[in-house]
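Written below as structure tokens is the structure these notes are about.
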Amino acid sequence: MKNKITRRSFLGVAGATGAAMALAACGGGGSDAPAEEGGEEEAEAEGEAEGGAVAGGGTLAVGSAYGPSSFDPANCSSAFCLSANMNVMEGLYDIDFHDYSTRDGVCVGDPVWVDDTHAEITIREGAAFSDGTPVTPEDIIYSYTRATDPEGLYIAFLSMITAMEKKDDTTLTVECSIPNFSLLKDRLAIIKVMPQTLDADTAAAQPVGSGPWMYTEVSDTYVVLEPNPNYNGAHPAQDAQLRIDSMTDPTARVTAQQEGTTQITESVPPDSIEQLEAAGCKVDQVQGFGTRFIMFNVKKAPWDKKENRQAVMYALNTDNMIANAFSGLAGKPDCYLPASFTNHHTAATVYSYDVAKAQELADGISGTIELRTTDNAQVVSMGTQAQQDLQDAFGVTVNLTSDQSPATYAAIDQADDSWDILIAPGDPSCFGGDTDLLLNWWFGDNIWMKTRCAWNTSEEWKHVNELMATALTQSGDEQQASWNEVFDILADQCVLYPVLQVITPTGYWDVVDGASPSGVCVQGFSGIGTTGVSLTDVVTVAG
């Protein structure tokens, strides 16, 4: 992905004050310059801020909408832990989740290709873990080996990186199966570097990294971090402490933010945005990839015909879903990617609410439809709307079953054809933002296509994967053309497709907009469009 977009082109900000940052999908960069627009403001972060206020040296408090589980960087999927780990663990390169550009992590400079399939990367001089041990090539190879375990979570993203070897004490050689792999830095960013002495249990409980912060206290409800005294990179911690509290109850999260107990809060409920803004708190609303998708059981009639799947798409009143389930904080897709993403392409087929067209396309939709959703409150509301829409459009009975994600997928994975349609949330952009990664999450050769949706026997799926493989060998307009064809096929076939793409609201006491009740604000922060918060170069300002 060669083309980058500016943050200003992609953020929807609540209110009239418009700091400009956001989420997109693009690779490239490699610069260690301050991530925010307006570098002068960030340069003031140490010592004295505007008006004589004190910047840094305080406690940066964050309210998370999620709870912790395993922190193991080689297999982490917890929204809480992924976000916390971003402050502790460095990748070989790191991702700026505002726009998905890459920057130096524990490695510096772009990979140097010595031939079509081998690139050399250089470790940052003096890089060290928080336990005082230096980062060595052996540590990085160990981290790569763990992250590419065939049974691991990340293997689908890293399968093209076929080997990593030590060249010398500061240089590694990376072997790729794809010649001149254009997304190498994006994928190397997934590999978080840990000491080779760190076993799996310790990594899951309290990992050690080479990033600007280190864990000092980990519990089931919060983590406390302090600056890594051995960090020598470009983005040091500037506060004395970082505390992230699990506040899964929205009311508790909003209350803590309104009182100034937290400076930053995730996932502001839509009906609380005006409340926080009226109190002087800033709320960024960022359109992200976060998908509420529909999936059909294509192994059984009538869902083996694309016309019937399309009929359902036209029968869904998405405007009502957005208004009722999301209070307006979602977008209607015209592509697999949101319009704010660099590689977006308006698909040849774009769905809208059209009952007459739905009825015209339907061929054999009758009887009883088994509709499943996960227990996410917004998705349950979508399911209720879909139940009514399908019954009204096709004169069928729709049984709606909502359950926790593990139970929902356990039922689908039985492959006993006891379900027809699934509506659920998904957002692989928390791992990275390049287009191939986002496509592979659902449409690669994995459980989604083999078992859950079972589309992998179709000629269309085979063609999609051929195009995806081709795109990885391309760049620029050629690469975009391949992805455009993929987007058109996915929209036309709609076996698993976005119904909505959500907007993520993040609240924070911004130093530019006024003081919080506690007297502590933040400088250098803006929201992102995926789960978690990005705290790189963010600092408290008191006074």
Side-chain angles (χ1 to χ4, degrees), residues 291-321 332-337 345-373 382-400 412 415-424 426 439 442-443 448-468 483-501:
T291 297
R292 304 300 179 261
F293 66 89
I294 191 167
M295 182 174 75
F296 296 88
N297 187 350
V298 297
K299 294 183 293 183
K300 63 187 289 190
W303 315 119
D304 54 342
K305 292 183 178 181
K306 75 172 183 180
E307 291 79 9
N308 289 316
R309 302 191 296 266
Q310 291 177 341
V312 169
M313 298 296 289
Y314 285 113
L316 299 177
N317 192 332
T318 50
D319 286 330
N320 278 357
M321 291 179 181
K332 292 191 291 186
D334 60 7
C335 174
Y336 181 74
L337 297 181
H345 151 79
T346 301
T349 305
V350 177
Y351 297 99
S352 59
Y353 181 48
D354 190 335
V355 174
K357 190 165 188 174
Q359 293 170 340
E360 179 184 346
L361 284 165
D363 180 16
I365 299 178
S366 61
T368 301
I369 294 174
E370 297 295 334
L371 171 64
R372 299 194 68 107
T373 78
M382 288 177 66
T384 302
Q385 178 72 54
Q387 180 185 40
Q388 189 63 53
D389 290 342
L390 299 182
Q391 289 178 159
D392 290 347
F394 306 120
V396 295
T397 298
V398 179
N399 293 331
L400 176 61
I412 289 175
D416 60 1
D417 293 340
S418 61
W419 67 283
D420 292 287
I421 299 172
L422 169 73
I423 297 177
L439 287 168
W442 281 303
F443 298 104
W448 290 97
M449 294 292 102
K450 289 179 178 178
T451 302
R452 291 177 178 171
C453 185
W455 191 45
N456 66 328
T457 59
S458 71
E459 291 304 313
E460 292 84 3
W461 179 84
K462 294 174 185 176
H463 188 39
V464 162
N465 275 257
E466 288 169 358
L467 288 166
M468 287 163 57
W483 281 332
N484 289 352
E485 189 172 350
V486 170
F487 298 145
D488 287 345
I489 294 170
L490 296 182
D492 175 65
Q493 293 293 313
C494 59
V495 296
L496 190 160
Y497 203 66
V499 178
L500 303 172
Q501 293 158 331

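Sequential numbering from 1 along the given sequence is applied to the chain's residues. Computed from a prediction, not measured in an experiment: that's the story for all the values here.
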Would you mind telling me which of Y497, Y336, W448 makes a ring-ring contact (aromatic ring centres under 6.0 Å, His included) with F293?
-> W448
Indicate yes or no for a side-chain donor-acceptor contact from Q310 to the backbone of D492 under 3.5 Å, with no hydrogens or angles considered.
-> yes
Between D416 and S418, is a side chain to side chain donor-acceptor pair (under 3.5 Å) present by the stated rule, with each step listed?
-> CA-CA 5 Å; D416 60 1; S418 61; 2.7 Å; yes
Straight-line distance of M382 CE to L400 CG, nearest 0.5 Å = 12.0 Å
Of all heavy-atom pairs linking A393 and Q359, the shortest is O-NE2, 3.0 Å
Closest non-hydrogen contact found for C335 with Q501 is O-NE2, 3.4 Å
Test side-chain contact (heavy atoms from CB on, under 4.5 Å) on F487 and L439 and set out the steps.
-> CA-CA 9 Å; F487 298 145; L439 287 168; 4.2 Å; yes
Heavy-atom distance under 4.5 Å between the side chains of N320 and D389, does that happen here?
-> no
Does any non-hydrogen side-chain atom of L337 lie less than 4.5 Å from one of H345?
-> no
Check for a donor-acceptor pair, side chain of D488 on one end and backbone N or O of A348 on the other, with a separation under 3.5 Å.
-> yes
Are the side chain of N308 and the backbone of P302 linked by a donor-acceptor contact shorter than 3.5 Å?
-> yes
Could you tell me whether the side chain of D420 and the main chain of E370 form a donor-acceptor pair under 3.5 Å?
-> yes
Let me see the working for L390 and I421 under side-chain contact (heavy atoms from CB on, under 4.5 Å), right down to the final yes or no.
-> CA-CA 11 Å; L390 299 182; I421 299 172; 4.1 Å; yes
What's the spacing between I423 CD1 and T373 OG1 if we round to 0.5 Å?
-> 7.5 Å
Stepwise side chain to side chain donor-acceptor pair (under 3.5 Å) test for S458 and W461 = CA-CA 5 Å; S458 71; W461 179 84; over 6 Å; no
Applied to residues 298-320, the ring-ring contact (aromatic ring centres under 6.0 Å, His included) test, sequence neighbours excluded, yields F296-W303, Y314-Y351
Can you tell me how far OG of S352 sits from CG of D334, rounded to the nearest 0.5 angstrom?
-> 11.5 Å
Which heavy-atom pair separates R292 from G426 by the least distance, and what is that distance?
-> NH1-N, 4.4 Å
Would I369 and V312 satisfy side-chain contact (heavy atoms from CB on, under 4.5 Å), going step by step from the backbone distance to the final call?
-> CA-CA 11 Å; I369 294 174; V312 169; 5.9 Å; no
One should read off an interatomic distance between T451 OG1 and I412 CD1, to the nearest 0.5 angstrom, of 11.0 Å
Is R309 reaching over with its side chain to a backbone N or O of Q493, donor-acceptor style, under 3.5 angstrom?
-> yes
Here the pair of heavy atoms bringing C453 nearest to M295 is CB-SD, 3.7 Å
Where is the tightest heavy-atom contact between A358 and F394, given as atom of each residue plus distance?
-> O-CE2, 3.7 Å
Scan residues 451-468 for pairs that pass salt bridge (charged side-chain N to carboxylate O under 4.0 Å, His left out), counting only residues two or more places apart or in two chains.
-> D413-R452, E459-K462
Heavy-atom side-chain proximity of K300 to D417 below 4.5 angstrom = yes
Please check if the side chain of Q391 supplies one atom and the backbone of V398 the other of a donor-acceptor pair under 3.5 Å.
-> yes
From L371 CG over to T397 OG1, what is the distance, rounded to the nearest 0.5 angstrom?
-> 13.0 Å
So do V355 and D392 actually touch side chain to side chain, heavy atoms under 4.5 Å?
-> no
Can you tell me if N465 uses its side chain to pair, donor with acceptor, with the backbone of F443 under 3.5 Å?
-> yes
Could you tell me whether the side chain of W442 reaches within less than 4.5 Å of the side chain of T291, counting heavy atoms only?
-> yes
About how many Å separate CE of M321 and CG of L500, when rounded to the nearest 0.5 Å?
-> 6.5 Å
Taking all non-hydrogen atoms of both residues into account, name the closest pair between V298 and A454 and its distance.
-> CG2-O, 3.6 Å
